[in-house]
2 protein chains.
Amino acid sequence: MAENIVQKLRDDIENGIVTNQFAPGDRLDEMQLAKQFGVSRTPVREALMQLSAIGLIEIRPRRGAVVVEPGPHRIYEMFEVMAELEGMAGSLAARRHTDADRADLLASHGRCEQSAKADDADTYYYDNELFHLAIYTASHSSFLVEQCTALHRRLRPYRRLQLRVRNRMKTSYSEHAEIVEAILAGEAELARTLLRQHIAVQGDRFSDLVATLAQR
Amino acid sequence: MAENIVQKLRDDIENGIVTNQFAPGDRLDEMQLAKQFGVSRTPVREALMQLSAIGLIEIRPRRGAVVVEPGPHRIYEMFEVMAELEGMAGSLAARRHTDADRADLLASHGRCEQSAKADDADTYYYDNELFHLAIYTASHSSFLVEQCTALHRRLRPYRRLQLRVRNRMKTSYSEHAEIVEAILAGEAELARTLLRQHIAVQGDRFSDLVATLAQR
DNA sequence: CCGTCCGCTCTTGTATACAAATTAGTTGAC
DNA sequence: GTCAACTAATTTGTATACAAGAGCGGACGG
């Protein structure tokens, strides 16, 4: 077992935060975590620092780590940036996609169709991630792929909340269809606009988000 | 002295990388760095992990940390994303700027004018950073500000290289003037386009970048 | 009875010791 | 002479021990 311990700790704690086992505002005690996972404080500290770098927790000097709770406004801002980056990826994808990208995009779109029709939120959630990843990849900008996946990952819990809204899944899927069409047709600006609107939390969707955040 | 040690190490090592004291490809030996700074390996490791999170170095399990050298193509990709984010910030700033933002923007723009006219590259480099920061701030999206400053920071060394190109400083300044005008006039899309073009490494500027990278 | 100050404890930050792995060097065999 | 394998040394990863700052409680004074 190598450095994987830190990775495993990071993933486990991150998972714990996402699933609300560690609620926002909670203090993450190093010794407690160390005992809980059967390791020493050293790898725990390293894992916490990585989570701090991602932005999931905040480490205040000499005062420990606490799970951050981004307020609705901040979450809105993050989606705003995500919308822009996804729009960029879509635009580049429209211009640069290869035959392999086309196949991947259609395949993941097909899987979304299946899970949307089956009304299976969990599967759709997963397929949706792959669909968006396919767009990132088709942009052929490795740095953009990294930025997008990082932000996508960070927004994961809230994206999941959004799916709870009635009919969001079906709406999302039909938006995907237009996006695929635009990308494959090489319509860069259309793809950008559609993706931006697909991601952005505008109008009613913002109140929906706030509402679902509250009832959590 | 508290956790500042890690911060200081991080800044010093980052500075060393930026100033090419630690050349790309160099192995960063933990013990050597620890001795050099008169501390133990623990804070050095933490500083290295932070640098790894930023993307300045790469840590391969059991094989140490090496300074990464982003190839020209990757640097181009990073500027491509930066251009998009700055464009977004400019667009938001055009719509949301307050009187205070207006004053800040004009002030930093004025300082750029001074240093450009004095042909002082170092001062211009610094004033230029403040100018762009003023735009980020005027967007009134704290998350966007963070993303922009992080990427801006990472691109710092290459931005500095670009200033070496003949007349780049004057050109840059005149582009700033148009950008300020667009933002203060509330022309969101114009501001976006101008900023995108201002940042993007397109056409000749890419070959200039490659050339300056090579002669470093 | 309330407020402030001093001290104790608990937690974080740093150092060092120990374990495991990788790499390089040397030796032996083909 | 070259290649491969084994061993030793260097270096990373983890644990533990030690130091120092922050929070909390009790005691003393007003």
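All heavy atoms count here, side chains included; hydrogens, waters and symmetry mates do not. The model shown is predicted, which means the values in this text are computed figures rather than measured ones.
- Rounding to whole angstrom units, NZ of residue K8(B) and P of dG13(C) are separated by 19 Å.
- Atoms CD (E30(B)) and C1' (dT12(D)) sit 6 Å apart, rounded to a whole Å.
- Candidate nucleotides dA15(D), dT12(D), dT14(C) were compared by shortest atom distance to the side chain of R41(A), and dT14(C) ranks first.
- Along DNA chain D, the nucleotide nearest M31(B) and the nucleotide nearest S40(A) are compared for position; the residue whose nucleotide lies closer to the 5' end is M31(B).
- In this structure, CD of E46(B) is placed 13 Å from P of dT14(D), rounded to the nearest angstrom.
- Side-chain contact between R45(A) and V6(A): absent, with no pair of heavy atoms (C-beta onward) separated by less than 4.5 Å.
- Between H198(B) and H176(B), the ring planes lie perpendicular to each other; the angle is over 60°, past the 30° to 60° tilted range.
- For the pair R45(B) and dT12(D), the criterion of a side-chain N or O lying under 4.0 Å from OP1 or OP2 is not met.
- A heavy-atom distance below 4.5 Å is not found between the side chains of M88(A) and S139(A).
- Atoms CD1 (I59(A)) and P (dT11(C)) sit 17 Å apart, rounded to a whole Å.
- Between the C1' atom of dG21(D) and the CZ atom of R60(A) lies a distance of 15 Å, rounded to the nearest Å.
- Taking the side chain of T42(A) as heavy atoms from C-beta on, and the options dT14(C), dG13(D), dT14(D), the nearest nucleotide is dT14(D).
- A straight line from CD of Q7(B) to C1' of dG13(C) spans 13 Å, rounded to a whole angstrom.
- Nearest nucleotide to the R62(A) side chain, out of dT12(D), dT23(C), dG21(D): dG21(D).
- Rounding to whole angstrom units, CD1 of residue I5(B) and P of dG21(D) are separated by 11 Å.
- Rounded to an integer number of Å, the gap from CZ of R10(A) to C1' of dT14(D) is 19 Å.
- By the 4.5 Å heavy-atom criterion applied to side chains, Q162(A) and V201(A) are counted as neighbours.
- Ring planes of H132(A) and Y136(A): tilted class, angle from 30 to 60°.
- Two residues, P43(B) and R27(B), neighbour DNA chain C, and the one matched to the more 5' nucleotide by heavy-atom proximity is P43(B).
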